[in-house]
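Accompanying notes for the structure given below.
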Amino acid sequence: MFQQRKNKRFTYKSRLQDSANRKSKDDLETKWNELKEGGKRKGSMLTSLAVLISLLVFIFVLIYVLDGYIK
């Protein structure tokens with residue numbers, strides 16, 4: 001006469017399982033970033049902007065002085 005309702009089935013995914021996957025992924029990401037930063041080479045002194053500008057000014061002064069000797 002009265003039919004009993006069946007329990008509905010839901011697909012339940014626990015949060016703990018997701019957090020473990022996320023934690024391992026974050027851990028891998030931090031290790032990768034540490035490796036990437038550790039491998040950076042320091043730029044040489046000749047490629048710094050201040051040294052290049054001073055070298056350019058020195059070349060212009062040298063050209064000016066040498067031009068005075070020619071005339």
Side-chain angles (χ1 to χ4, degrees):
M1 188 160 132
F2 294 106
Q3 289 184 356
Q4 293 276 344
R5 285 189 173 186
K6 292 184 178 180
N7 291 336
K8 293 183 179 180
R9 294 185 182 182
F10 297 100
T11 54
Y12 174 75
K13 194 174 185 183
S14 74
R15 291 184 184 178
L16 296 176
Q17 190 177 22
D18 273 349
S19 65
N21 289 342
R22 243 183 239 156
K23 186 177 181 182
S24 65
K25 185 178 179 183
D26 290 342
D27 188 35
L28 181 65
E29 225 172 281
T30 54
K31 285 181 182 178
W32 175 254
N33 288 336
E34 287 174 3
L35 286 174
K36 223 169 43 167
E37 290 172 1
K40 286 185 180 177
R41 293 183 297 168
K42 292 183 180 178
S44 73
M45 187 177 158
L46 293 176
T47 60
S48 69
L49 185 61
V51 172
L52 290 176
I53 290 173
S54 61
L55 185 65
L56 184 65
V57 168
F58 176 73
I59 289 173
F60 283 133
V61 169
L62 185 65
I63 289 172
Y64 179 75
V65 169
L66 291 176
D67 191 42
Y69 283 122
I70 292 174
K71 291 184 181 180

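Placement of I63 and L55 within a single hydrophobic cluster is found when ILVMFWY residues are connected by side-chain heavy-atom separations under 4.5 Å, directly or transitively. Hydrophobic clustering of Ile, Leu, Val, Met, Phe, Trp and Tyr side chains at less than 4.5 Å, counting indirect connections, unites V61 with Y69.
Within the 4.5 Å cutoff, the side chain of L52 has no heavy atoms near those of the L56 side chain.
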